[in-house]
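Working notes, beginning with the structure itself.
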Amino acid sequence: MTKKESNNGSSSKNNGKSNNTSGNGSRLTQAKAEAKKIVNQIAPNGMADYDKAKAICKYLFNNVSVQTDQSNEAYKKNHGDEAYGALILKKAACSGFCNAVTLMCQEAGIQTQHINKNKWTHQWNKVKVQGKWVILDAQGGMFGMSKHPLQEANETQQVVRFTDVNGQNSFVSPNY
């Protein structure tokens, strides 16, 4: 998939370089190192891409708090819009979750796309697994669907419910 194949996303080709992530050099370097460490623990070589992507979603959903103050001032202070916020500080806005997903998927060798990047609306990722692009919304704990619930969709999708460590419910779609 190329960058132009999505209406409002940006994509990463996972060539090991930092593209479509945010943060200054030092914070980005730290976030990349943490992404590598986490992916090596939760998505070892030999694991199917679908399972790796699901593991990335569950890890971020269970280990990163949602940053509710999404002002520019807050972002300057706590970097919640960066992968650094999610991976190092463990607190991020949806954009920070997306940037963390991008780094982790690059490390895992999975193509990813950042939906609504640089827009003042909810952001999520799409990942290419088993030849199909599916939703990975780590902040919302959603994975495997063909369309995000915030997109206009009239399709019925079977989902299974899983619960995060704080007792909040989320949904994961096992089949797409």
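Only heavy atoms go into these numbers, but all of them, side chains included; no hydrogens, no water, no symmetry mates. What you see is a predicted model; the values in this text were computed from it and never measured.
With rounding to the nearest 0.5 angstrom, the CD atom of Q130 is 8.0 Å from the CG atom of D49. Here NE2 of H114 is found 4.0 Å from SG of C98. Values are rounded to the nearest 0.5 Å. The NZ atom of K132 sits 10.5 Å away from the OH atom of Y50 when rounded to the nearest 0.5 Å. Here CD of Q123 is found 7.5 Å from NZ of K117. Values are rounded to the nearest 0.5 Å.
In this structure, A86 and A100 approach most closely via the heavy-atom pair CB-CB, 3.7 Å. Heavy-atom minimum distance, V64 versus A92: CG1-N, 3.9 Å. Between I135 and W124, the closest heavy-atom pair is CD1-NE1, 3.5 Å. Across all their heavy atoms, G80 and S95 have their closest contact at O-OG, 4.4 Å. Of all the heavy atoms in A53 and V129, the pair that sits closest is CB-CG1, 4.1 Å. Here the closest heavy-atom approach between residue Q30 and residue Y84 is recorded as OE1-CE1, 3.5 Å.
Between I38 and M104 the shortest side-chain heavy-atom distance falls below 4.5 Å. In this structure the side chain of I115 reaches within 4.5 angstrom of the side chain of K126, judged on heavy atoms. Between N99 and L87, the closest side-chain pair of non-hydrogen atoms is not below 4.5 Å. Taking the side chain as every heavy atom from C-beta outward, F61 and Q139 never approach each other to under 4.5 Å. Annotation: side chain of T102 is in contact with side chain of N125 (closest heavy-atom distance under 4.5 Å).
Between the side chains of N116 and H122, no donor-acceptor pair of N or O atoms lies under 3.5 Å.
Remark: T121 pairs with no residue by the side chain to side chain donor-acceptor pair (under 3.5 Å) rule, at least two apart or across chains. In this structure, the salt bridge (Lys or Arg N to Asp or Glu O under 4.0 Å) partners of K37, at least two apart in sequence or on a different chain, are E34. Under the rule for a side-chain contact (heavy atoms from CB on, under 4.5 Å), the partners of D51 that lie at least two apart in sequence or sit in another chain are M47, A48. Every residue two or more places apart in sequence or in another chain that forms a side-chain contact (heavy atoms from CB on, under 4.5 Å) with A138 is listed here: L60, F97, V101, L136. Under the side-chain contact (heavy atoms from CB on, under 4.5 Å) criterion, A108 pairs with V39, K52, I56, I110, sequence neighbours left out.
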For this session: Verify side-chain contact (heavy atoms from CB on, under 4.5 Å) between C105 and V127, making sure each step is shown before the conclusion.
Result: CA-CA 8 Å; C105 284; V127 292; 3.8 Å; yes
For this session: Kindly indicate, with the supporting measurements, whether the criterion side-chain contact (heavy atoms from CB on, under 4.5 Å) is fulfilled by L103 and Q106.
Result: CA-CA 5 Å; L103 287 183; Q106 285 174 345; 3.7 Å; yes
